[in-house]
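Below, chain A is the first sequence line, B the second, and so on; all start at residue 1.
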Amino acid sequence: MRQRRENLAKLRELGIEPYPYSFPVTHYAKPLVETFVDGEKTDVAVAGRIMTIRNMGKASFFHIQDSTGKIQIYLRKDDVGEMTYKAFKYFDIGDIVGVHGYTFRTKTGEVSVHATKLEMLSKSLRPIPVAKEQEIDGKKVVYDAFSDKEQRYRMRYVDLIVNPHVREVFMKRAKLIQTIRDFLNSLNLLEVETPILQPVYGGASARPFTTHHNALDMKLFLRIANELYLKRLIVGGFDGVYEFAKVFRNEGMSRFHNPEFSMLEFYVAYKDYNWMMQTVEVLFEKIAMAVNGTTLVKVGEHEVNLKAPYRKLTMAEAVKEYTGKEIEGKSEDELRAIAGELGLKLDPKIGSGKIIDEIFGEFVEPKLIQPTFIMDYPIEMSPLTKKHRSKAGLVERFELIVAGKEVCNAYSELNDPIDQRERLEEQAALRERGDDEAMGVDEDFLRAIEFGMPPTAGIGIGIDRLTMLITGQDSIRDVIFFPTMKPE
RNA sequence: GAGCAUAUAGCUCAGCAGGUAGAGCAUCUCACUUUUAAUGAGAGGGUCGAUGGUUCGAGUCCAUCUAUGCUCACCA
């Protein structure tokens with residue numbers, strides 16, 4: 001730091017302003033290198049951060065890195081003049097510079113820019129942890145990379161400068177979101193925004209973050225889901241709405257959980273969960289193709305194929321297939337006995353729906369590697385889902401499981417206002433008994449439903465986990481720019 | 001919430017039952033007008049995460065704390 005400040009002062013003594021206002025960039029590193037034709041001199045103006053410097057006396061080589069990649073610059077005293085070359089002594093790795101010059105190929109074969117003019121664009125005061133790289137047989141070997149996870153997450157800006165694969169992941173994330181948005185727009189859904197600060201939280205089972213509004217002197221919750229607001233909009237007459245929503249859940253953290261995360265929900269009037277399944281498999285195939293150019297994705301040792309259509313199993317069929325046990329039509333006591341035979345230890349307070357869920361989560365879900373729709377859940381755990389049209393005790397809900405993990409959750413939405421009220425009141429009763437994740441009764445939501453909501457299909461997709469799947473990352477912190485951390 | 005692990009130079013890491021801190025890269029000086037882990041010669045750089053304790057002596061042993069990672073639990 002001290003050395004850098006001295007270099008900064010030296011530049012000012014030489015009459016160079018180290019923080020100028022603009023630079024007329026005409027070309028970018030990667031396309032320049034890729035489209036270079038031998039013998040062709042293209043005049044260029046490039047800008048970027050200095051990543052390496054090799055000083056040869058009266059000539060120097062250095063690499064700059066811009067948003068597309070790196071390109072080497074060749075700087076000769078005879079070409080840029082005494083003044084500039086002298087000033088270059090005070091340029092450091094990490095500085096952002098602009099270069100005018102022309103393209104050429106060096107004796108060793110690297111496409112480079114022969115500088116005719118060099119400008120400091122921003123002096124860096126902190127040394128960046130650049131790794132040494134060497135190409136051996138076309139493979140890049142990186143020495144001493146900036147790899148400390150804590151530092152990478154705390155200083156993502158440095159991580160992004162130094163670790164190109166990190167940038168890749170986030171560009172893929174953006175592409176994924178863009179693909180979804182284009183797809184939903186092509187279905188004529190309306191992109192909307194709904195409140196993050198909610199007086200009653202609902203739409204999911206989770207503990208909320210609580211805050212306070214001073215002027216109104218009232219408690220507000222950061223949303224744990226936006227479902228109930230999107231349904232109000234369906235009541236309001238939109239045929240389809242969607243929202244990319246940051247949601248907040250006050251729960252533990254792990255490589256699959258961050259307290260704030262991104263959820264896409266969309267709702268389409270006059271459709272049911274069968275329609276939604278077809279839509280989802282088309283969407284996921286499109287995402288994989290758009291982001292990776294293939295429907296194949298590597299997850300750990302497994303290779304997953306996201307090509308539609310996906311296998312469909314009811315929850316009862318899935319449990320039977322993987323445990324050999326029949327759960328359809330069984331009473332709570334019978335289910336508890338089955339769980340016992342399988343070796344599951346269960347809290348005696350939980351009901352039959354929860355027992356099935358435990359069996360499924362323990363013995364089935366981890367084994368579902370290829371994309372599989374699991375349909376028809378027990379009613380107890382789905383207070384916002386429409387009863388199954390033909391199977392008692394079940395609801396029209398599905399989850400898509402890929403690589404042993406849930407990636408989305410969808411229903412034929414409950415639009416019977418009387419049924420809905422009863423279910424929310426059951427939730428409220430659970431909450432009374434100390435289940436602080438049970439939903440409260442949102443009277444305004446019920447009022448909306450009472451005005452009449454068309455039959456509707458709805459879905460929630462965890463964008464972070466989907467990004468993990470598509471980009472092959474195994475921690476949610478690697479797909480969120482600034483994951484939640486304790487203060488330093 | 002529980003267990004295990006980690007914390008030493010800007011970065012990546014060594015540091016051998018306790019004896020006063022080291023390497024590579026980065027930085028600085030000199031040389032070098034096609035180098036690419038440039039090269040050659042030289043130099044500087046550290047409250048060893050924090051606080052206590054044991055000891056003649058602690059980076060090293062013990063305790064507590066803090067942060068992080070991994071696993072489990074929790075969590076649609």
- Task: From the options B:U33, B:U12, B:A76, select the nucleotide whose nearest atom is closest to the side chain of A:R76.
- Result: B:U33
- Task: Under the ring-ring contact (aromatic ring centres under 6.0 Å, His included) rule, collect the residues that match up with A:Y28, sequence neighbours excluded.
- Result: none
- Message: Quick check: any donor-acceptor pair below 3.5 Å linking the side-chain of A:E110 to the base of B:U34?
- Response: no
- Between A:Q72 and B:U35, does any side-chain N or O lie under 4.0 Å from OP1 or OP2? no
- Taking ring-ring contact (aromatic ring centres under 6.0 Å, His included) as the test, write out the residues that go with A:H100, two or more places apart. A:F23
- Stem segments of RNA chain B by first residue number [Watson-Crick or G-U, under 3.5 Å, at least 3]: B:1-7 with B:66-72, B:10-13 with B:22-25, B:27-31 with B:39-43, B:49-53 with B:61-65
- Message: Can you see if the side chain of A:K486 gets near the phosphate of B:A67 - specifically, an N or O under 4.0 Å from OP1 or OP2?
- Response: yes
Show me the protein contacts with nucleotides 27-31 of chain B, counting only N or O atoms at under 3.5 Å.
from, atom 1, to, atom 2, distance (Å)
B:C28, OP1, A:D92, OD1, 3.4

- P atom, B:G15 versus B:C61: distance in rounded Å? 12 Å
- Task: Report the residue (A:K354 or A:S475) whose heavy-atom-nearest nucleotide on RNA chain B is the more 5′ of the two.
- Result: A:S475
- Item | Per A:S147 side chain, nearest of listed nucleotides B:U12, B:A67, B:U33 | B:U12
- Query: Quick one: side chain to side chain contact (heavy atoms under 4.5 Å, CB included) partners of A:L283, sequence neighbours excluded?
  - Reply: A:I180, A:F183, A:I287, A:I461
- Query: Does A:K386 have any side chain to side chain donor-acceptor pair (under 3.5 Å) partners at least two apart in sequence or in another chain, and if so, which?
  - Reply: A:N415
